[in-house]
**Q** 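Quick one: this structure, given as structure tokens, is what I'll be asking you about.
What you see is a predicted model, and the numbers here were worked out from it, not measured in a lab.
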Amino acid sequence: MMNEKLTPNGIHKLIEREGHFSGRHEPTLQIINIRRVPANALTDVYWAVLSDGQNSIEVVISTHLSHLVQSGQLVEHTLVAVESYQYNITDDNIHIVSVCAVDILDGIPDGIIGEPVSVLDRIHKRDVKDGDHHFFDDEEEGQWDDDGAAEEPLTWSLDRPSDFCDWTIEVTRISSSPASSSLGNKHGRGGAPAATSAYGMSSGALSNKPPVQKYHVHKAILSVGPRRSDYFATLFKQSALSEHSTNTSRISLQDSAADAFPSVLDYIYTDKPVKFTSKNATAIRHLAHYFGIRSLWKLASAYIKGDFSLETSAVYLSESLLYHDEKLENASIDILASRIEEINRRTLARLPPSSFERIVTSPKLKCRSKKLSDIVLKYCQTQGDAVDMPLLMKWTRCEKMPSVSRKAALPLLRIAAEGEEKAGVDLANTRNVLRARCVEACVEEWKETLAKPLLALESRDKNISRILGANSIEHRDLPLHIQVELLEKALCAAKVELDDVKAELLYREEQVEELLKSGGSGGGKSKSLTGS
């Protein structure tokens with residue numbers, strides 16, 4: 001018979017005493033159920049129910065054995081010999097058996113062997129004498145009052161533990177670049193290096209909150225109920241982890257996630273709705289995903305979908321870079337590129353160069369060439385040395401920006417010249433380089449860009465100087481060889497324009513003379529006719 005293959009009282013042998021055991025009993029047991037429990041966003045843990053035909057117990061299958069489940073070697077009704085395991089009882093009287101090594105036996109029974117009952121149910125069952133249950137009589141019942149009905153519900157607390165708190169979550173704020181991990185090691189043994197945030201400045205530098213905050217919570221509330229955290233539910237069952245020695249989880253979070261963490265705790269503890277904003281929705285969704293709070297993740301996703309627009313896209317771009325949300329990042333880039341002319345310049349100026357580059361080089365970019373030159377100029381003036389020559393050349397390629405506006409021409413020419421000097425190159429004879437297009441724009445508008453500032457400077461009349469509108473002569477800030485190039489080409493352009501004006505005047509004088517001649521001869525004929 002199949003039940004003869006199972007070790008009698010095998011379950012009781014597993015829980016005789018606490019500790020880690022290898023080769024102690026090696027009882028043969030049957031797996032009667034297997035289920036998957038998400039440990040976090042990236043890892044799954046498998047729980048199984050083992051049976052000796054009479055008793056059963058739920059156990060954790062160590063993560064290094066997960067491949068046996070995923071490959072189909074460990075399935076329901078499989079017979080195994082437990083070679084290594086660990087048994088612990090938590091302070092809350094939770095019995096945890098973690099199976100570390102098994103030997104899979106040949107032959108899988110058609111069903112469950114015997115009629116096993118949970119051994120823990122038998123342990124916890126209250127003694128009953130002579131079949132009579134003991135109840136309080138009326139007098140004893142009267143000794144109890146209704147004070148309990150007025151008790152406040154359990155809640156998490158900051159810094160100092162509130163009633164019955166049995167776990168601490170220590171949150172450390174970090175400043176991390178978008179390329180690095182937004183959450184440290186899930187058990188607090190790692191952290192990201194300090195760097196700049198997606199807006200080009202240290203996120204920690206702007207925060208006036210303490211770098212480390214301790215939240216005192218209740219394990220039962222975090223791990224049970226429709227708003228539970230699958231991450232903490234699994235963590236609390238694995239008593240072998242180092243966190244259980246101090247009853248503390250240590251987690252590193254980005255500034256926005258650290259700010260949003262209390263809202264996540266409020267969601268788990270109460271029925272109150274979460275107050276989403278454009279600035280916290282991405283962080284809350286990230287926390288919900290990491291800690292396995294599925295209902296909160298759905299709420300955050302629905303809010304982002306409804307709130308996403310041109311006005312909020314820059315904020316979502318920044319947050320999506322921090323939390324590696326590629327789908328949201330791409331959507332933000334697309335809307336910013338397609339409607340870049342409508343965006344506030346200050347909003348664009350706050351983006352890091354990598355994000356700005358993705359926008360201006362996007363295939364979805366819709367922007368007039370001269371308008372784009374104004375936008376690039378404003379960004380370069382704001383970012384300063386963060387924009388080098390290779391970046392400037394990418395943003396101003398001829399196919400994207402074939403022409404430059406009059407207002408942007410001289411400032412961009414100065415930026416391009418400084419970039420060439422720093423890079424140690426001379427791109428004067430390269431048609432597609434920004435420098436050539438800036439010179440061309442200045443020469444085309446030589447009256448406004450060159451002549452008017454010079455006239456204003458030479459004028460002794462302050463009113464005329466103010467009307468002509470030049471406080472300085474920008475082209476004099478350029479390197480001398482570029483000044484010479486610019487003025488020579490402007491002089492040639494002025495000569496061509498002057499020749500055109502002379503030719504036009506000469507043509508008009510000839511037309512006037514012909515009209516006068518034709519008018520004089522016509523008048524003589526009319527007089528002779530009248531006299532006759």
**Q** Would you mind listing every salt bridge (Lys or Arg N to Asp or Glu O under 4.0 Å) that reaches into residues 356-367, with sequence neighbours excluded?
**A** Glu329-Arg358, Asp334-Lys364, Glu357-Lys394

**Q** Could you work out, with salt bridge (charged side-chain N to carboxylate O under 4.0 Å, His left out) as the rule, every residue matching Arg160, not counting sequence neighbours?
**A** none

**Q** Mind checking whether Leu265 and Phe261 have side chains closer than 4.5 Å, heavy atoms only?
**A** yes

**Q** With heavy-atom distances below 4.5 Å as the criterion, would you say the side chains of Ser223 and Arg228 are in contact?
**A** no

**Q** Any idea which heavy atoms bring Ser249 and Leu235 closest together, and the distance?
**A** OG-CD2, 3.4 Å

**Q** CG of Asn280 to NE2 of His286: how many Å apart, nearest 0.5 Å?
**A** 14.0 Å

**Q** For Lys219, enumerate each residue passing the salt bridge (charged side-chain N to carboxylate O under 4.0 Å, His left out) test, keeping only those at least two apart in sequence or located in another chain.
**A** Asp92

**Q** One thing to verify: whether Glu170 and Arg250 come together as a salt bridge, which I'm taking to mean a side-chain N less than 4.0 angstrom from a carboxylate O.
**A** yes

**Q** Could you go through the side-chain contact (heavy atoms from CB on, under 4.5 Å) check for Leu287 and Leu253 one step at a time?
**A** CA-CA 9 Å; Leu287 292 172; Leu253 298 178; 3.9 Å; yes

**Q** Please lay out, stage by stage, how Asp259 and Arg173 fare under the test salt bridge (charged side-chain N to carboxylate O under 4.0 Å, His left out).
**A** CA-CA 9 Å; Asp259 289 339; Arg173 292 174 179 268; 2.7 Å; yes

**Q** In sequence, state the C-alpha distance, the side-chain angles, and the governing distance for Arg339 and Glu342, and then conclude on salt bridge (charged side-chain N to carboxylate O under 4.0 Å, His left out).
**A** CA-CA 6 Å; Arg339 300 175 64 183; Glu342 304 174 44; 2.9 Å; yes

**Q** Rounded to the nearest 0.5 Å, what separates atom CD1 in Ile169 from atom CD in Glu243?
**A** 11.0 Å

**Q** In Å, rounded to the nearest 0.5 Å, how long is the span from OG1 of Thr282 to CG of Leu317?
**A** 10.0 Å

**Q** In the structure I gave you, are the side-chain heavy atoms of Ser338 and Leu365 within less than 4.5 Å of one another anywhere?
**A** no

**Q** Looking at side-chain heavy atoms only, is the closest gap between Leu348 and Lys378 below 4.5 Å?
**A** no

**Q** What's the shortest heavy-atom distance between Ala257 and Tyr323, and which atoms?
**A** N-OH, 3.0 Å

**Q** Quick one: closest heavy-atom pair of Pro402 and Arg437, and the distance?
**A** O-CD, 3.4 Å

**Q** Report the relative orientation of the aromatic rings in Tyr231 and Tyr290; use parallel for angles under 30°, tilted for 30 to 60°, perpendicular for over 60°.
**A** tilted

**Q** Between Tyr379 and Pro352, which heavy-atom pair has the shortest distance, and what is it?
**A** OH-C, 3.0 Å

**Q** If you define the side chain from C-beta out and look only at heavy atoms, does anything of Leu377 sit under 4.5 Å from Ser373?
**A** no

**Q** Taking atom types as modelled, find out whether Gln254 and Ser256 have a side-chain donor-acceptor pair closer than 3.5 angstrom.
**A** no

**Q** For Ser263, which residues count as a side-chain hydrogen bond (donor to acceptor under 3.5 Å, both in side chains) partner, sequence neighbours excluded?
**A** none

**Q** Does the side chain of Tyr267 reach to within under 4.5 Å of the side chain of Ile284, using non-hydrogen atoms?
**A** no

**Q** Who are the side-chain hydrogen bond (donor to acceptor under 3.5 Å, both in side chains) partners of Ser301, not counting sequence neighbours?
**A** Arg285

**Q** For the residue pair Ser405 and Lys371, establish whether any side-chain heavy-atom pair is separated by less than 4.5 Å.
**A** no

**Q** Please list, chain by chain and in numerical order, all residues satisfying ring-ring contact (aromatic ring centres under 6.0 Å, His included) with Tyr46, sequence neighbours excluded.
**A** none

**Q** Under a plain distance cut-off of 3.5 Å, with no hydrogens placed, do Asp307 and Tyr316 share a side-chain donor-acceptor pair?
**A** yes

**Q** Take His216 and Ser157 through the test side-chain hydrogen bond (donor to acceptor under 3.5 Å, both in side chains) and record every step on the way to the result.
**A** CA-CA 5 Å; His216 302 281; Ser157 60; 5.3 Å; no

**Q** I'd like to know if Asp230 and Arg294 make a salt bridge, using a cut-off of under 4.0 Å between side-chain N and carboxylate O.
**A** yes

**Q** What heavy-atom pair brings Ser278 and Tyr303 nearest, and what distance separates the two atoms?
**A** N-OH, 3.7 Å

**Q** With a sphere of 6.0 Å drawn around NZ of Lys400, does it hold more than 12 non-hydrogen atoms of other residues, nucleotides or ligands?
**A** yes

**Q** When you look at CD of Glu326, are more than 12 heavy atoms from neighbouring residues, nucleotides or ligands closer to it than 6.0 Å?
**A** no

**Q** From the options Trp167, Phe232, Tyr269, Trp156, select the one residue that forms a ring pair (Phe, Tyr, Trp, His ring centres under 6.0 Å) with Tyr215.
**A** Trp156

**Q** Could you please spell out the steps behind the side-chain contact (heavy atoms from CB on, under 4.5 Å) verdict for Ile304 and Leu328?
**A** CA-CA 9 Å; Ile304 292 172; Leu328 183 58; 4.0 Å; yes

**Q** Kindly determine whether Cys367 and Ile375 satisfy side-chain contact (heavy atoms from CB on, under 4.5 Å), including the steps that lead there.
**A** CA-CA 10 Å; Cys367 187; Ile375 293 172; 4.1 Å; yes

**Q** For the atom pair CD (Glu311) and CD1 (Ile335), what is the distance rounded to the nearest 0.5 Å?
**A** 8.0 Å

**Q** What do the steps show when you test Thr168 against Asn247 for side-chain contact (heavy atoms from CB on, under 4.5 Å), and what is the final call?
**A** CA-CA 6 Å; Thr168 300; Asn247 289 339; over 6 Å; no

**Q** Tell me the closest heavy-atom pair linking Ser62 and Ser98, and the distance in Å.
**A** OG-OG, 3.4 Å

**Q** Using 0.5 Å steps for rounding, measure from the OG atom of Ser313 to the CD1 atom of Ile343.
**A** 6.0 Å

**Q** Which of parallel (below 30°), tilted (30 to 60°) and perpendicular (above 60°) describes Phe236 and His244?
**A** perpendicular

**Q** State, yes or no, whether a side-chain contact exists between Glu513 and Leu516 at a heavy-atom distance under 4.5 Å.
**A** no

**Q** Just verifying a value: how many Å separate Ser239 OG and Ile96 CD1, rounded to the nearest 0.5 Å?
**A** 4.0 Å

